[in-house]
Amino acid sequence: QVQLVESGGGSVQAGGSLRLSCAASRYTYNNRCMGWFRQAPGKEREGVAAIYTGGSNTLYADSVKGRFTISQDNAKNTLYLQMNSLKPEDTAMYYCAANSRPYCSRTYWSARSFYDYWGQGTQVTVSS
């Protein structure tokens, strides 16, 4: 079965940076949509960014545009999320997600139902 394993979370002060990684196994990595979501306590899980692994198309939530960058290493079947200028409101559990569709939808990329596979999450805590 497909496995997504996140790493790279931690605690940082506001203004700091972290890079999250998501290693995918038993997954047809090429030409798929993969994304990062986050969920803060008491809040809904929200889409942060997505990327089409068959090209360079990326999508971002407005709240992270200009601060976060999603990227990939096809040779390693690994997804990344570089997070700069972190704010306390970025504190959340971050999840990697992947789907079986050969495209990323500009309309649905941030919907949980668009993805078929999920990682266990990695905690990011930003202190002021």
Within 45° cone and under 6.0 Å: R32 NZ/CZ vs Y52 ring: no
- prompt: Do V124 and L18 touch side chain to side chain, with heavy atoms closer than 4.5 Å?
  reply: yes
field: Closest heavy-atom pair and its distance - A24, L4
entry: CB-CD2, 3.6 Å
- prompt: Which heavy atom in L79 sits nearest to a heavy atom in S71, and how many Å separate them?
  reply: CD1-O, 3.4 Å
- prompt: R67 side chain to S85 main-chain N or O, any donor-acceptor pair under 3.5 Å?
  reply: yes
message: Could you check whether atom CD of Q120 has more than 12 heavy atoms from other residues, nucleotides or ligands sitting under 6.0 Å from it?
response: no
message: Just verifying a value: how many Å separate I51 CD1 and Q72 CD, rounded to the nearest 0.5 Å?
response: 4.0 Å
task: Grab the two heavy atoms, one from N84 and one from S17, that are nearest each other, plus how far apart they are.
output: OD1-OG, 2.9 Å
query: Could you walk me through whether Y103 and N31 pass the side-chain contact (heavy atoms from CB on, under 4.5 Å) check?
result: CA-CA 7 Å; Y103 63 88; N31 301 323; over 6 Å; no
field: Spacing of OG1 belonging to T125 relative to CE belonging to M93, to within rounding of 0.5 Å
entry: 9.0 Å
message: Test your reading of the model: is there a side-chain donor-acceptor pair from E6 to the backbone of G121, 3.5 Å cut-off?
response: yes
task: May I ask you to check whether D116 and S100 show a side-chain donor-acceptor distance below 3.5 Å?
output: yes
- prompt: Any side-chain donor-acceptor pair under 3.5 Å between N30 and T53?
  reply: no
task: Heavy atoms only: give me the nearest Q1-R26 pair and the separation to one decimal.
output: O-CD, 3.1 Å
task: Could you label the plane-to-plane angle of the F68 and Y94 rings as parallel, tilted or perpendicular, counting under 30° as parallel and over 60° as perpendicular?
output: tilted
field: Trace of the salt bridge (charged side-chain N to carboxylate O under 4.0 Å, His left out) decision for D90 with K87
entry: CA-CA 5 Å; D90 295 317; K87 304 175 181 180; over 6 Å; no
query: If we only count heavy atoms from C-beta on, is the F114 to C33 side-chain gap below 4.5 Å?
result: yes
message: I'd like to know if the side chain of Y27 and the backbone of N99 have a donor-acceptor N/O pair within less than 3.5 Å.
response: yes
message: Once rounded to the nearest 0.5 Å, what's the spacing between atom CE of M34 and atom SG of C22?
response: 4.5 Å
- request: Could you pull out the closest heavy-atom pair between A14 and S128, with the gap in Å?
  value: CB-CA, 4.3 Å
message: I need the N57 CG to W109 CH2 distance, nearest 0.5 Å.
response: 13.0 Å
task: Without swapping roles, check the side chain of Y29 against the backbone of T78 for a donor-acceptor pair under 3.5 Å.
output: yes
field: Y115-L81 co-clustered via ILVMFWY side chain contacts under 4.5 Å
entry: no
- line: Distance col, row L20:CG vs M83:CE, nearest 0.5 angstrom, shows 4.0 Å
Rounded distance (nearest 0.5 Å) linking atom OH of Y80 with atom CH2 of W36: 10.5 Å
- request: Report, as yes or no, whether the 6.0 Å neighbourhood of atom OH on Y108 holds more than 12 heavy atoms from other residues, nucleotides or ligands.
  value: no
- request: Please check if Y95 and I70 belong to a single hydrophobic cluster, counting links between Ile, Leu, Val, Met, Phe, Trp and Tyr side chain heavy atoms closer than 4.5 Å.
  value: no
task: State, with a plain yes or no, whether a side-chain heavy atom of R19 is found less than 4.5 Å away from one of S7.
output: no
- prompt: What do the steps show when you test W118 against F37 for ring pair (Phe, Tyr, Trp, His ring centres under 6.0 Å), and what is the final call?
  reply: CA-CA 10 Å; W118 293 85; F37 281 68; 4.9 Å; yes
